[in-house]
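In this chain, numbering begins with 1 at the start of the sequence shown. The model shown is predicted, which means the values in this text are computed figures rather than measured ones.
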Amino acid sequence: MPHLAHIALLVRDYDEALAFYTGKLGFTLVEDNYQPEQDKRWVTIRPPGAPENATAILLARATTPEQETAIGNQAGGRVFLFLATDDFDRDFAAYTAAGISFVRPPAVMPYGKVAVFEDLYGNRWDLVEYR
């Protein structure tokens, strides 16, 4: 059955992206392999606690001017990715302590508790605990 294996996220630099996603958000590094024939790295991460078969994020270093202009704006200013949690208050407190910039404060919605944060490039994410 088809499923999403990876979602590509354009980044300026692999190491700065890894420092943010693994260091501040607690994501798990799945792969980091250099591909000499293309002079790039295959770097994938998953949220903490995600199962091995969960969709991974591919950190894709921008290599063209067109790609560089999309860094931080992959969804045109809308929320791009949705990070589900089983404990909103715990993760909101941890991310705030880690210096994550929340651009919309926590709110209770019909579907659950949610706040919007920006990653190091400005992409918007929902941190959401679904009901």
L29 and T44: side-chain contact (heavy atoms from CB on, under 4.5 Å), yes or no, with the steps? CA-CA 6 Å; L29 176 62; T44 60; over 6 Å; no
Check whether L25 and V128 end up in the same hydrophobic cluster, where Ile, Leu, Val, Met, Phe, Trp and Tyr are linked by side-chain heavy atoms less than 4.5 Å apart. no
To the nearest 0.5 Å, tell me how far L58 CG sits from I45 CD1. 9.5 Å
Is it true that F117 and V79 fall in one hydrophobic cluster, defined by side-chain heavy atoms closer than 4.5 Å? no
Any link between L59 and L83 through a network of hydrophobic side chains (Ile, Leu, Val, Met, Phe, Trp, Tyr) touching at under 4.5 Å? yes
Basic-acidic side-chain contact under 4.0 Å: D89, K113: yes
Minimal non-hydrogen separation, T28 against P48, with atom names: OG1-CA, 4.1 Å
Side chain R41, main chain Q35, donor-acceptor under 3.5 Å: no
Does D15 pair with R61 as a salt bridge, N-O distance under 4.0 Å? no
Please report the interatomic distance CD(E31) to CH2(W42), rounded to the nearest 0.5 Å. 7.0 Å
Would you mind reporting whether K24 and I100 have side-chain heavy atoms less than 4.5 Å apart? yes
Donor-acceptor pair, distance only, cut-off 3.5 Å: does the side chain of Y130 make one with the backbone of A84? no
Hey, mind stepping through T63 and K40 against side-chain contact (heavy atoms from CB on, under 4.5 Å) and telling me if it holds? CA-CA 9 Å; T63 58; K40 68 178 185 177; over 6 Å; no
Look at the side chain of E68 and the backbone N and O of R12, then say whether any donor-acceptor pair between them is shorter than 3.5 Å. no
Would F102 and E118 count as a side-chain contact (heavy atoms from CB on, under 4.5 Å) if you check the C-alpha gap in whole Å, the side-chain angles of each, and the deciding distance to 0.1 Å? CA-CA 6 Å; F102 281 86; E118 289 183 339; over 6 Å; no
Determine whether a donor-acceptor pair (N or O, by modelled atom type, separation under 3.5 Å) exists between the side chain of T85 and the backbone of D87. yes
When you compare the side chain of F20 with that of L18, does any pair of heavy atoms fall below 4.5 Å? no
Using the ring of each side chain (for Trp, its six-membered ring), is Y21 parallel, tilted or perpendicular to W125, with breaks at 30° and 60°? tilted
Test item: E129 side-chain N/O and F88 main-chain N/O as donor-acceptor pair under 3.5 Å: yes
Transitively linked via ILVMFWY side-chain contacts under 4.5 Å: I7 with V11? yes
Could you walk me through whether R131 and V108 satisfy the side-chain contact (heavy atoms from CB on, under 4.5 Å) test, starting with their C-alpha distance in whole Å, then the side-chain angles of each, then the deciding distance to 0.1 Å, before giving a yes or no? CA-CA 10 Å; R131 290 184 186 208; V108 176; 3.1 Å; yes
Linking I/L/V/M/F/W/Y whenever any side-chain heavy atoms sit under 4.5 Å apart, do V114 and F92 land together? no
Around atom CD of E66, are there more than 12 heavy atoms of other residues, nucleotides or ligands at under 6.0 Å? no
Could you measure the distance from the CG atom of L127 to the CZ atom of R104? Nearest 0.5 Å is fine. 13.0 Å
Distance-only donor-acceptor check, side chains E16 and Y121, under 3.5 Å: yes
Do L9 and N123 touch side chain to side chain, with heavy atoms closer than 4.5 Å? yes
Distance alone, cut at 3.5 Å: any donor-acceptor contact between the side chains of Y34 and D39? yes
Checking R124 side chain against V116 main chain: does a donor-acceptor pair fall under 3.5 Å? no
